[in-house]
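Heads up, the thing below is written out as structure tokens.
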Protein chains: 4
Amino acid sequence: MVSKPAPDSPPGSAGGTPTRRSERSRRAIFDAALALVGEVGYDKLTIEGIASRAGVGKQTIYRWWPSKAAVLLDAFTADSDEDYAEGLPDTGDLAADLKFVLRATADEFNDPAFQAPYRALAVAGANDEEVSRAFVGRLLEPGIRVYVERLRAAQEAGEVAADVDVRVAAEMVLSPFSQRWLMRTGPLTHEFVDTLVDQVLRGLRPRG
Amino acid sequence: MVSKPAPDSPPGSAGGTPTRRSERSRRAIFDAALALVGEVGYDKLTIEGIASRAGVGKQTIYRWWPSKAAVLLDAFTADSDEDYAEGLPDTGDLAADLKFVLRATADEFNDPAFQAPYRALAVAGANDEEVSRAFVGRLLEPGIRVYVERLRAAQEAGEVAADVDVRVAAEMVLSPFSQRWLMRTGPLTHEFVDTLVDQVLRGLRPRG
Amino acid sequence: MVSKPAPDSPPGSAGGTPTRRSERSRRAIFDAALALVGEVGYDKLTIEGIASRAGVGKQTIYRWWPSKAAVLLDAFTADSDEDYAEGLPDTGDLAADLKFVLRATADEFNDPAFQAPYRALAVAGANDEEVSRAFVGRLLEPGIRVYVERLRAAQEAGEVAADVDVRVAAEMVLSPFSQRWLMRTGPLTHEFVDTLVDQVLRGLRPRG
Amino acid sequence: MVSKPAPDSPPGSAGGTPTRRSERSRRAIFDAALALVGEVGYDKLTIEGIASRAGVGKQTIYRWWPSKAAVLLDAFTADSDEDYAEGLPDTGDLAADLKFVLRATADEFNDPAFQAPYRALAVAGANDEEVSRAFVGRLLEPGIRVYVERLRAAQEAGEVAADVDVRVAAEMVLSPFSQRWLMRTGPLTHEFVDTLVDQVLRGLRPRG
DNA sequence: AATTAAGCGAGACGGTACGTCTTGTCTTATG
DNA sequence: CATAAGACAAGACGTACCGTCTCGCTTAATT
């Protein structure tokens, strides 16, 4: 949890939104935070700026979130909780499925409009351990998990060797991808995606 | 280059240190910056703090660097320019060599004293594209390159298939590693390193 | 009147206490206000502080008083309405009577516990004209009046010349006294009181 | 002294204006403070307001003064240091001289433009002892002193009895006057002034 | 050797934002 | 239906830094 716990929630409860909280303000804050991080970047994103843009008192932000990173994380995940609900496609052809999804993801990551808030979160997380945990738990981990599951399905179908560690295999695909994007160590082209998938899968196939 | 060019250096030159610059101040600034980033973190690192700790006027910092990220990057690379001079060991056993180096690196990355400044740089880079380029060029890229070279040597020795993209292969090893560290998506254990290396190499071997 | 008129009182009425008003809360508010003004001073006295100390909702204060000055004034006068009921002693010796009362008042005014709220009221009044009127009408004016009456009695007894303006004479005694206290322009000693009384009375006596 | 001492002045020195201080800012702050206190009153006078109106950073105010009261006091006394240099007129007729000056002062005090800042200072002083001392020492005391001196001159001329305490006599004239103004206990008319002066002087004359 | 000018420590300056506190209004649920 | 509780928009508080700008001082490099 990144937001502060509701002060009046019963101990042991899920710490949900208290009764008196203004939903209107909450949405306005999210909208303002996302808009601003896109316009000015994470460093120049300020609580005052969010409050002002949202037409909200500063205290209303400080009452519910401990930092701009927390606001941003909640704003970012407010709508996307169900993004990974469906899992990866499974046509029976693992390589094709992975390439299909990763090419689409590459296109998305190459979109400047998407970059700012996501990169901001990555950055915020790297410095604030608590935000980091929430970021990983809410956004990264679910993303990894669908790959792990697709790989496990392939493993059960005999397409991937039984002794392969599918978690590590998923990271072998995903980490070079996100590393290139985050650190700008290389371009996210379809060609790169294809090479990456092919080269990872080479090692996963059952040995004859 | 991250530092500002010397104002009196001829245009087009490498932007070297002008004669009058105080080496004593430069070192004091680096020491202060590294010490402070370890103590208070990147976010709370301030130019004023560095200047005060270094016993230096603020202007002396602003004269030579455009941002705290640039100071930090120069401070970080001031001593480490020769770190990758030797390349990776080559005993003829690629898996053993990679595991040896990566285990050592894992130990280093698990050291809290090492974390703060390095993570700070990663973060600084993610938001400031110019710093990012310098960070990648001076620190990340050389680190990747030694792996690429070791893999190419193995390829020439026939230990790795000729059609393997060694750059991507290097990233398949390194990115899951650094991603786990940066994003805290998992622990950097020797076991993880071994699994990772084994699983990557499985796919690189020439096919019988 | 400083308190707001009761919202439900009939127009034109004296604005008395409405039936539903909580007497318990009213007293708690007065106690809290007086205690706090003594502890933190007038400037740092806040409505929130009073409400919190009194265990009362802020709205309960805002409903009945327009400002903290009004609360304080009502709190201060709640008990002291009958203070001046008896008037000044009249032993037939005007000088002795005045000195007796003023020496006692000086002792009272020199007591730090008494200073804070009274000084606070004086201050509050100086800036807020409405509070000022109430302050003067309820506290200062009655205090002056008893002196005026004692002087008039002396005048009728032939101890004071018939053409003396007793109101001005009362101010000649009282104002130097309260001015010294309020502005700290001098100490309130018995000696000062005696000199003051003697010197004022010198001019009041009928001329031979 | 109400302003903070100059941090770099030698210990024991008069604590004057440091070399680096911006005279331009100092004047702008005084002008803004006086203008604002006249427009919005002391309670609603804010440091931010002064800074903004003066085109000055808040820190520049906080650097040199501890409170808005101190700013106001310095602003008020910046120009008026020589106001009492000449003393009271001495035509040989004490009553006439006192009435002349006090009538003029009454007119001045009845001017709304004059009221706000002066009343503000009186109020500020009543709550802040340090400001009070400075207020009394710089403004009130010099004002009283010229009356004391005029009375002493009259005493030496035989117009006032030798055993009169001229300090107390001065307060007998001035305090009723300023009390009426500050507390609004009565109007400051020429008639009041005349009665006051006559009645005070009645008691000061040598007894025949 | 004297002159010059850049670099330097210091820190004031106009600003922006921080995170906290209080104001006066409004809403909810409790008795 | 007045109350205790407290969320809310607003905005001032006093502090911390920003990046710019002098101010004298020190110290090479040039006269």
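Residue numbering restarts at 1 for every chain, and letters A, B, ... go by the order of the sequence lines. Note that the coordinates shown come from a computational prediction; the quantities given were computed from them, not determined experimentally.
Formation of a donor-acceptor pair under 3.5 Å by the Thr77(B) side chain with backbone atoms of Leu73(B) is found in this model. Of the possible polar contacts, none joining the Lys44(B) side chain to the Leu36(B) backbone as a donor-acceptor pair under 3.5 Å is found.
For the pair Glu48(A) CD and dG11(F) C1', the interatomic distance rounds to 10 Å; values are reported in whole Å. Atom CD of Glu23(B) is separated from atom C1' of dG7(E) by 14 Å (rounded to the nearest Å). Atom P of nucleotide dC17(F) and atom CZ of Arg63(D) are separated by 15 Å, given to the nearest angstrom. Rounded to whole angstrom, the span from the CZ atom of Arg24(D) across to the C1' atom of dG14(E) amounts to 12 Å. In this structure, Tyr42(C) atom OH and dT22(E) atom C1' are separated by 14 Å, rounded to whole Å. For the pair Lys58(C) NZ and dT22(E) C1', the computed distance is 7 Å after rounding to whole Å. Atom NZ of Lys44(A) is separated from atom C1' of dC17(F) by 15 Å (rounded to the nearest Å). In this structure, Ile61(D) places its CD1 atom 15 Å from P of dA12(E), rounding to the nearest Å.
OP1 and OP2 of dG7(E) both lie 4.0 Å or more from every side-chain N or O belonging to Ser25(B). Within the structure, every side-chain polar atom (N or O) of Thr60(D) is placed at least 4.0 Å from both OP1 and OP2 of dA12(E). At dG11(F), none of the side-chain N or O atoms of Thr46(D) fall inside 4.0 Å of OP1 or OP2 (strictly under the cut-off). Put simply, Trp64(D) has a side-chain N or O that comes within less than 4.0 Å of OP1 or OP2 on dC13(E).
For dT22(F), the base has a donor-acceptor partner in the side chain of Arg20(D) [N/O atoms by modelled type, under 3.5 angstrom]. One can find a donor-acceptor pair under 3.5 Å joining the base of dC21(E) and the side-chain atoms of Gln59(A).
For the pair Arg27(B) and Trp64(B), the cation does not sit on the ring face, since its NZ or CZ is not both under 6.0 Å from the ring centre and inside 45° of the axis.
Between Ile47(D) and Leu45(B), the residue anchored nearer the 5' end of DNA chain F, judged by the nucleotide with its closest heavy atom, is Ile47(D). Between Gly55(A) and Gly57(C), the one whose closest nucleotide on DNA chain F sits nearer the 5' end is Gly57(C). Mapping Ala51(B) and Val56(D) onto DNA chain E by nearest heavy atom places Ala51(B) at the nucleotide closer to the 5' end.
Between Glu23(B) and Arg26(B) a salt bridge is recorded (basic side-chain N to carboxylate O distance below 4.0 Å).
Within the nucleic acid shown, Gly49(C) has no heavy atom closer than 4.0 Å to any nucleic acid atom.
The nucleotide whose nearest atom lies closest to any side-chain atom of Tyr62(D) is, among dC18(F), dT25(E), dT15(F), dT15(F).
With values rounded to the nearest 0.5 angstrom, Ser132(C) atom OG is found 7.0 Å from Arg119(D) atom CZ.
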